[in-house]
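Scroll down for the structure; my scribbles are underneath it.
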Amino acid sequence: MKLVFVTQTLDPEHGSLAQTLDLVDALAARVGELVVLARDDRWGGAPANVRVLTFDARGKLGRGLAFERALGRSLGGADAVLVHMVPTFLTLAAPLAKVRRVPLLLWYTHWHASRSLRLAARLADRVLSVDRTSFPLATPKLLGIGHAIDVNTFAAPPAEERYGPLRLLALGRTARWKGLATLIEAFRAADIAATLELRGPSLTDDERAHRRELEQLAEGDDRISIEPAVLRADVPALLRAADVVVSPAEPRAGATLDKAVYEAAACARPVVTTNTALAPFLEGLPLQLLARPGDVASLAAVLRGVVNAAPAARAATGVELRRRVVEQHSLEHWADTVISLVREVRSARGG
């Protein structure tokens, strides 16, 4: 099988896209040839059966032309094109792919339903997401296949009983919709024996401005620290050092199934969240982990319940969360499902 995978960048140090390398490795292990189209390649560590074509150029027109040239070089003998997270790439690929009868698949998991996404969903043969709640449009083309968590890398026993303050960790960009201001207020209101570490990148001007606001909000409380992002390779160790992970997202529309939640769960850490889309994943646990979004009192109450719970209850919660990730959201499951779907789509076309 030959698969074309289109993504923004191959960069092991990128604040939000480093996980793409895991997807490339997993897909490469399942196909004879994988061609990756990316704007740039800062990895240089692709498997032997992976050919990387870059399309960076000056200006949108230049990049568009470079993209089409790279796509034209990659489609010969391809069984499908899988576009990762950027609907515009699928729209650009559609004319040539459809002329050559190469199926188009889109992987997308975000709450933003842009016009480019609507167009891409119409052009795609199939749309893939974590589940139906993580894709903001209704379409019969949608298939929920779970997240792609490397459960061998993101692995740990439950946190050991700690004598002293518990360590609470929030990972992610300092985007306003991440709810970090609400988290700081809730942490203070909870009056718990714990510390809180916020760690992640600030990638835009607004995220940098919000980071300064968060620093001002936390000023004077030495239990709260706001730290820079770490390399993706260091994230598992960071999760293992935490007792509880918090994801207080407040998306402006819909919801998104943040992979950081599943990575923390794979490390057997209780994950407190305000994301109602995660309710099915979090139901039936020893501890209540779901709070109302944007509600300081609700989040404070859940934090208080988790921190003040018996260590055995936190450990049992972590063990069950890891079991659910391994069963439903592993990298292996994700890649196997993608390959099965490519075969299904090709078969339906008589290919």
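Using bins of under 30°, 30° to 60° and over 60° for the plane-to-plane angle, the ring pair Phe281/His329 lands in the perpendicular bin.
Here NZ of Lys259 is found 9.5 Å from CG of Asp22. Values are rounded to the nearest 0.5 Å. Note that CZ of Arg176 is 9.0 Å distant from OG1 of Thr174, once rounded to the nearest 0.5 Å. One distance of note links CG of Asp41 with CG of Asp56; it measures 11.5 Å at 0.5 Å rounding. Summarising the geometry, atom OG belonging to Ser16 is positioned 7.5 Å from atom CD belonging to Gln8; distances are rounded to the nearest 0.5 Å. Interatomic distance, Lys141 NZ to Leu106 CG, rounded to the nearest 0.5 Å: 10.0 Å. From Leu171, atom CG reaches atom CG of Asp258 across 9.0 Å, with rounding to the nearest 0.5 Å.
Under a 4.0 Å N-O distance rule, the pair Arg314/Asp243 does not qualify as a salt bridge. Electrostatic pairing of Glu197 and Arg167 does not count as a salt bridge here, judged by no charged N lying under 4.0 Å from a carboxylate O. Using a cutoff of 4.0 Å between basic side-chain nitrogens and carboxylate oxygens, Asp336 and Arg30 are scored as salt-bridged. Lys178 has no carboxylate O lying under 4.0 Å from a charged side-chain N of Glu207, or vice versa, which leaves the two without a salt bridge. Of the charged side-chain nitrogens involved, at least one lies within less than 4.0 Å of a carboxylate oxygen, so that Glu327 and Arg323 count as a salt-bridged pair.
In the displayed structure, Glu213 atom CD is contacted under 6.0 Å by more than 12 heavy atoms of other residues, nucleotides or ligands. Heavy-atom neighbours of Arg100 CZ from other residues, nucleotides or ligands within 6.0 Å: above the threshold of 12. At most 12 non-hydrogen atoms from other residues, nucleotides or ligands lie less than 6.0 angstrom from CZ of Arg292.
Val302 and Val307 fall within the same hydrophobic cluster, where Ile, Leu, Val, Met, Phe, Trp and Tyr residues are linked whenever their side-chain heavy atoms come under 4.5 Å apart, directly or through other members. Both Met85 and Val36 belong to a single network of hydrophobic side chains, linked directly or stepwise wherever heavy atoms of I, L, V, M, F, W or Y lie under 4.5 Å apart. A single hydrophobic cluster is seen to contain both Ile145 and Leu23, as judged by linkage of ILVMFWY side chains at heavy-atom distances under 4.5 Å, directly or through other members. Residues Leu257 and Leu17 do not share a hydrophobic cluster, clusters being chains of Ile/Leu/Val/Met/Phe/Trp/Tyr side chains in contact below 4.5 Å. Residues Leu123 and Leu142 fall within the same hydrophobic cluster, defined by Ile, Leu, Val, Met, Phe, Trp and Tyr side chains chained together at heavy-atom separations under 4.5 Å.
The shortest side-chain heavy-atom distance between Phe5 and Val50 does not fall under the 4.5 Å cut-off. Side-chain contact between His147 and Trp334 is absent, with no heavy-atom pair separated by less than 4.5 Å. Put simply, the side chain of Arg173 does not reach to within 4.5 Å of the side chain of Thr204, judged on heavy atoms. In this structure, the side chains of Arg42 and His14 stay at 4.5 Å or more apart for every pair of heavy atoms. Using a 4.5 Å heavy-atom cutoff, the side chains of Pro248 and Thr182 are not in contact. Thr273 has its side chain within reach of Leu290: a pair of non-hydrogen atoms, C-beta onward, lies under 4.5 Å apart. Looking at heavy atoms from C-beta onward, Leu105 lies out of side-chain contact with Leu90 at the 4.5 angstrom threshold. Side-chain contact between Val151 and Leu331: absent, with no pair of heavy atoms (C-beta onward) separated by less than 4.5 Å.
Side-chain N or O atoms of Arg304 include one that pairs as donor or acceptor with a backbone N or O of Ala190 at under 3.5 Å. Between the Arg223 side chain and the Leu196 main chain, no donor and acceptor come within less than 3.5 Å of each other. Side chain of Arg322 to main chain of Ala265: no donor-acceptor pair is present (N/O by atom type, distance under 3.5 Å, no hydrogens or angles). Between the side chain of Thr274 and the backbone N or O of Ala291, no donor-acceptor pair lies under 3.5 Å.
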Assess the residue pair Lys98 and Leu104 against the criterion (side chain to side chain contact (heavy atoms under 4.5 Å, CB included)); give the C-alpha distance rounded to whole Å, side-chain angles, the decisive distance to 0.1 Å, and a yes or no.
CA-CA 8 Å; Lys98 288 187 178 296; Leu104 291 164; 4.3 Å; yes
Give the intermediate values and the outcome of side-chain hydrogen bond (donor to acceptor under 3.5 Å, both in side chains) for residues Asp40 and Thr54.
CA-CA 5 Å; Asp40 53 37; Thr54 60; over 6 Å; no
Which is it for Leu285 and Leu321 under the side chain to side chain contact (heavy atoms under 4.5 Å, CB included) test, yes or no, and what are the steps along the way?
CA-CA 8 Å; Leu285 293 168; Leu321 284 173; 3.8 Å; yes
Give the intermediate values and the outcome of salt bridge (Lys or Arg N to Asp or Glu O under 4.0 Å) for residues Asp79 and Lys2.
CA-CA 6 Å; Asp79 291 284; Lys2 177 181 177 180; over 6 Å; no
Using side chain to side chain contact (heavy atoms under 4.5 Å, CB included), reason through Leu82 and Leu128 one step at a time and then give a plain yes or no.
CA-CA 10 Å; Leu82 173 61; Leu128 311 178; 4.3 Å; yes
Decide side chain to side chain contact (heavy atoms under 4.5 Å, CB included) for Val272 and Leu287; before the verdict, give the C-alpha distance in whole Å, the side-chain angles of both, and the deciding distance to 0.1 Å.
CA-CA 10 Å; Val272 172; Leu287 296 176; over 6 Å; no
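Listed here is the closest heavy atom pair of Ala156 and Cys267: CB-O, 3.6 Å. Taking all atoms of both residues into account, the shortest heavy-atom contact from Leu289 to Pro270 is CD2-CB, 4.2 Å. Nearest heavy atom pair, residue Glu263 against residue Ile149, reads CG-CD1, 3.7 Å. Ala170 and Leu183 get closest at one heavy-atom pair: CB-CD2, 3.7 Å. Pairing each heavy atom of Arg39 with each of Arg63, the nearest pair is NH2-NH1, 3.2 Å. The minimum heavy-atom distance between His333 and Thr337, with the atom names listed, is O-OG1, 2.7 Å.
Applying the ring pair (Phe, Tyr, Trp, His ring centres under 6.0 Å) rule to pairs touching residues 21-70 yields Phe55-Phe67, Phe55-Phe89, Phe67-Phe89, sequence neighbours excluded.
A side-chain contact (heavy atoms from CB on, under 4.5 Å) with Val4 holds for exactly one of Val102, Leu34, Leu37; it is Leu37.
Looking at residues two or more places apart in sequence or on another chain, you find a side chain to side chain contact (heavy atoms under 4.5 Å, CB included) between Ala113 and Arg118, Pro136, Leu137.
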